[in-house]
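The shown structure was predicted, so the numbers you read here are calculated from the model rather than taken from an experiment. Just so we're on the same page: letters track the sequence lines, and every chain starts at 1.
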Amino acid sequence: MPELPEVETVRRGIEPHVLGRTIEQVTVRERRLRWPVPADFARRLEGRRVRSVERRAKYLLLDLGEDRLILHLGMSGRLLVLEPGHPLRKHDHLDVRLSGGVLLRLNDPRRFGAALLWPRGQASHPLLENLGPEPFSDEFSGEYLFELSRGRSAAVKNFLMDGRVVVGAGNIYAAEALFRAGIRPGRAAGRLTRADCARLAAAVREVLVEAVAQGGTTLRDFAGADGAPGYFRQKLFVYGRAGEPCLRCGTAIKRLVIGQRSSFYCPGCQQ
DNA sequence: CCCGATTCCTGTAGGC
DNA sequence: TGCCTACAGGAATCGG
């Protein structure tokens, strides 16, 4: 389930292999991703040089000059760096062959991912224009969370996972950040105190930094560009641990459904 | 604007 | 062994 740390891990994994290289051939085997891959996708990529590899929220952005390539891994997407001619596997939807014998391959069983183009002439892209701040930016702070959450009745976990509030936190890291901040996931966002928000903003940054350092979290599907799993799973305090003792206080971790998603928390550590 | 429910999709796990 | 169902979830979209 690629959240910010997983996408950043993929970005770091592909950057040294694709930066500065020229796209020689593009193969689209399946256009039906989250949105259809544009009909002229291959034509607009071929011959372009990769000028930068960046990440915004959970999107990968490759600057190709005339266009920026937007890639999203959905929840089962993998972006692998391979050698040309690597055997095809099921759900290998997209191949980008670059100079120097590099093959960038998108595999995505659930097809929630996306491969789109953002023409240079357009100032913004609809998918990117309403995104909130990056969690590591100065804009994202306890005070920011406090002000934005006033009057909001939504559960703080949903608030945290709302990309208009802050980007990058999905189900796993929202749960872990709330644990570290000592806040129950079902609490109304508007009832958080200033101190709660300060701890929460710090916890979000902390958990994401640590997860990036571990190469992300692999539960089942996720792999970096080299196919290796992430190791943050070993550092999860609550996610997926319903019924198990809290690593901090020993109380049994509880699971409840918030916003149609499993949520996990420690009744002892979180109020 | 805000919020909750629904929707897309396939692999996997659990029940019988 | 095989069939069925529930579940996993990023995030757009829709209805209230």
- Query: A:Leu4 has an atom CG; how far is it from atom C1' of C:dA11, in whole Å?
  - Reply: 15 Å
Within the sub-3.5 Å range, which N or O atoms of nucleotides 12-16 of chain C have a protein N or O partner, and how far apart are they?
residue : atom : partner : partner atom : Å
C:dA12  : OP1  : A:Tyr59 : OH           : 3.3
C:dA12  : O4'  : A:Arg34 : NH2          : 2.8

- Message: Going by the rule ring pair (Phe, Tyr, Trp, His ring centres under 6.0 Å), which residues pair with A:Phe179 if we only count those two or more places apart in sequence or in a different chain?
- Response: A:Phe237
- A:Lys90 side-chain N/O to B:dT10 phosphate OP1/OP2 under 4.0 Å: no
- Cationic N near anionic O, under 4.0 Å, A:Arg43 to A:Asp40: yes
- Note on the structure: Taken to the nearest whole Å, CG/A:Asn130 to C1'/C:dG10 is 16 Å
- Task: Check step by step if salt bridge (charged side-chain N to carboxylate O under 4.0 Å, His left out) holds for A:Arg180 and A:Glu176.
- Result: CA-CA 6 Å; A:Arg180 292 179 184 221; A:Glu176 294 298 310; 5.1 Å; no
- Item | Nucleotide nearest A:Arg152 when distance is taken to its side chain, options C:dA8, B:dT10, B:dC2 | B:dC2
- Message: What is the distance, to the nearest angstrom, from the CZ atom on A:Arg261 to the P atom on B:dA5?
- Response: 12 Å
- Query: Looking at residues at least two apart in the chain, or sitting in another chain, which of them share a side-chain contact (heavy atoms from CB on, under 4.5 Å) with A:Ala242?
  - Reply: A:Arg255, A:Phe264
- Message: Suppose we screen for ring pair (Phe, Tyr, Trp, His ring centres under 6.0 Å). Which residues come up paired with A:Tyr59, at least two apart in sequence or across chains?
- Response: A:His72
- Task: Looking at every strand, decide which applies to A:Gly259 at a 4.0 Å heavy-atom threshold: base, sugar-phosphate, or nothing.
- Result: nothing
- Query: Roughly how many Å is it from CZ in A:Phe112 to P in B:dC8, rounded to a whole number?
  - Reply: 9 Å
- Message: With a cut-off of less than 4.0 Å, is there a side-chain N or O of A:His91 near OP1 or OP2 of B:dG11?
- Response: yes
- Item | Side chain of A:Asn171 - closest among B:dT6, C:dG10, B:dC3 | C:dG10
- Residue pairs passing the side-chain hydrogen bond (donor to acceptor under 3.5 Å, both in side chains) test with at least one member in residues 156-171 of chain A, sequence neighbours excluded, are A:Lys157-A:Asn171, A:Lys157-A:Ser263, A:Asp162-A:Arg164
- Message: For C:dA8 and A:Arg255 - does any side-chain N or O of the residue sit under 4.0 Å from the phosphate oxygens OP1/OP2?
- Response: yes
- Item | Residues that A:Val166 engages under side-chain contact (heavy atoms from CB on, under 4.5 Å), provided they are two or more places apart | A:Pro135, A:Phe140, A:Leu160
- Is there a residue in residues 68-76 of chain A whose heavy atoms reach under 4.0 Å of DNA chain C, and which residues are they? A:His72, A:Gly74, A:Met75
- Message: My understanding is that a hydrophobic cluster links ILVMFWY residues whose side chain heavy atoms are under 4.5 Å apart, including indirect links. Using that, what else belongs to the cluster containing A:Tyr231?
- Response: none
- Which residues share a ring pair (Phe, Tyr, Trp, His ring centres under 6.0 Å) with A:Phe232, sequence neighbours left out: A:Tyr173
- Note on the structure: A:Gln260 CD to C:dA6 P, in whole Å, measures 16 Å
- side-chain hydrogen bond (donor to acceptor under 3.5 Å, both in side chains) contacts in which one or both residues fall within residues 111-122 of chain A, not counting sequence neighbours: A:Asp63-A:Arg120
- Which nucleotide in the set C:dG10, C:dA8, B:dG11 lies at the smallest distance from any side-chain heavy atom of A:Met161? C:dG10
- Interatomic distance where CZ belongs to A:Arg110 and C1' belongs to C:dC7 [whole Å]: 10 Å
- Item | Axis-to-axis angle between the two ends of the helix from B:dC2-C:dG16 to B:dC16-C:dG2 (five base pairs per end, rounded to 10 degrees) | 50°
- Can you tell me how far P of B:dT10 sits from CG of A:Leu219, to the nearest Å? 21 Å
- Item | Euclidean distance, atom NE2 of residue A:His93 to atom C1' of B:dC8 [Å, nearest integer] | 13 Å
- Item | Check: A:Gly182 main-chain N/O paired with A:Gln270 side-chain donor or acceptor under 3.5 Å | no
- Quick one: side-chain contact (heavy atoms from CB on, under 4.5 Å) partners of A:Ala223, sequence neighbours excluded? A:Arg78
